[in-house]
Number of protein chains: 2
Amino acid sequence: MLYSEQMATLSRKQREIRDREKLILDVARRLLLEKGYLGLSMDRIAEEIEYSKGTVYQHFRCKEDLLTALAIQTKLKRIELFERAVTFDGRPRERMTAIGAADEIFARRFPDYIATEEVLYVQSIACKASESNQEAMQEVDGRCVAAVCGTIRGGIEAGDLEIPPPREASEIAFGIWGMTFGSHIVGKTPTCMDQLGIKDTFTSLRRMQQAYLDGWNWRPLSHEWDYDATRDRILEEVFADERAAITI
Amino acid sequence: MLYSEQMATLSRKQREIRDREKLILDVARRLLLEKGYLGLSMDRIAEEIEYSKGTVYQHFRCKEDLLTALAIQTKLKRIELFERAVTFDGRPRERMTAIGAADEIFARRFPDYIATEEVLYVQSIACKASESNQEAMQEVDGRCVAAVCGTIRGGIEAGDLEIPPPREASEIAFGIWGMTFGSHIVGKTPTCMDQLGIKDTFTSLRRMQQAYLDGWNWRPLSHEWDYDATRDRILEEVFADERAAITI
DNA sequence: TTATTTTTTGACGGTTGGTCAAAAAGTAGG
DNA sequence: CCTACTTTTTGACCAACCGTCAAAAAATAA
């Protein structure tokens, strides 16, 4: 047998394995979205992909590892949108608005994000994952943070924003991040929303993000600039293909 | 047997049951904090309280019901602090700061709050609880929201804050709530904090809350007023007994 | 002491996550 | 085509879990 043929055989097998891994993740994501964390079982996954349980465990060392892989997969989508957002041609605070739009598109397009991501935040699940997945998780988190912090530093360098020490760019990022993350969770809780009487979570979130940046005196302030128009431009220039996801 | 004696007997029994319920909740809370959601099992609770599992199930119809009861118990503590906070004698925004201080005391004194509360937010757990517990949950949530919204409306009435329609007081509350809740969760995730380089979550949260309220132009703005001094006064006048919890 | 009601029990059924010896499939050489 | 070897796949198996419920134990009443 020729070397090239051997390679072809090997890579076909590898391709099979890779395809199966994707299949497992797809099925797992669907089950997680449909039946929640408790409804997601390794047995059911095995059944649905028509392989035995042992084979599933050859791909992921435990359930938490699988969930982490799921979260990484999703987060890569988020990063893709974020990194597109920061290419927007405009003032730093407009780019910040673009990141906000990216997050909104992301949250609307991938409602399962909440399901995968929040489980990972909440319980000590991530720490059970394989080392490689833990590192991958850290890496994608880092790229996310970098996009946000980079934009904030851009604002400082442009002279649009001052942060008196000991405050730092990361502190503003922490605020935006917590606020956004928290809103997505609280916004999915009917009890709270009933109590508050909020109808459109996303619109509220957008306003509170602007208020927050105004609070840090990041210019131009929201009353000095038409950020709704900026948003339209963002959707047109950067996220034209995703526009359908965001308009209700 | 006299009626009064019968009553005494009944009430002793009832007292026993009530005490046992408290014992179950105490053990459950400890287990949840020590071993996480996955480490909390009904068998282990039964073992620790030295009753059989059936008896535990006589108090709580299922695990989720128990978790909900736990969350309610904790939330009552939160409300107690919140309702004390709003008695602070000062301007509305100072009272808002008092609520922030109450939340900080709460988060520091009851780290298990995150464990109980977040599990309830995340999964569809609350809906499995008994009707009475669901109602109780709604009620305590309502009181929490009322304290915050009431203070915001106080600010509006005092002329310190304007909210142009269609914005409402509840929208500001949603922001503060999401921001605070999100920060507590993200702040407990080492990965994120490493990436961001935040050391003191609580201090950062305090600053971001002030920035947020500044963003809504709630007067006096943080640069017009010494809210650190206000905080000292709050800790002295309202939370003297809890002061130890908040000073590191 | 006996009859009746209430409370407590733990064995049991069904379902998880995870393991591992054995079976099946694939590969190589003659 | 057959045989020896390697890799992959399998599903019976284990321990742990939630929740049930007939039967045992305790409390109460007569």
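Order of the sequence lines fixes the chain letters, A, B, ..., with proteins taken first and strands second; residue numbering starts at 1 for each chain. Predicted model, so just to flag it, every value in this text is computed and none were measured.
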**Message:** Walk along nucleotides 10-17 of chain C from 5' to 3' and tag each nucleotide B, S or - by protein heavy-atom contact under 4.0 Å, base first, then sugar-phosphate.
**Reply:** B-----SB
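In this structure, CG of B:L31 is placed 11 Å from P of D:dC18, rounded to the nearest angstrom. Rounded to whole Å, the distance from NE2 on A:H59 to C1' on C:dG18 is 16 Å. If you take CG of B:L67 and C1' of D:dC18, they are 13 Å apart, rounded to a whole angstrom. Remark: P of D:dT9 and CD of A:E50 are 15 Å apart, rounded to the nearest angstrom. Counting to the nearest Å, the P atom of D:dT8 and the CD1 atom of A:I49 are 16 Å from each other. The distance from atom CZ of A:F60 to atom P of C:dT19 is 15 Å, rounded to the nearest whole Å.
Summarising the geometry of A:L81 relative to A:F106, their closest heavy-atom pair is CD1-CB, 3.8 Å, with the distance given to 0.1 Å. What you find for B:I172 and B:Y212 is that their closest heavy atoms are O-OH, 3.3 Å. Between B:M179 and B:Q209, the shortest heavy-atom distance links the atoms CE-N, 4.2 Å.
Summarising the local packing, CZ of A:R153 is surrounded by 12 or fewer heavy atoms from other residues, nucleotides or ligands at distances under 6.0 Å.
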**Request:** Evaluate salt bridge (charged side-chain N to carboxylate O under 4.0 Å, His left out) for A:E104 paired with A:R108, printing each intermediate quantity in order.
**Result:** CA-CA 6 Å; A:E104 187 176 335; A:R108 292 185 117 118; 2.4 Å; yes
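Proximity of B:L66 to B:I45: side-chain heavy atoms (C-beta onward) are separated by under 4.5 Å at one or more points.
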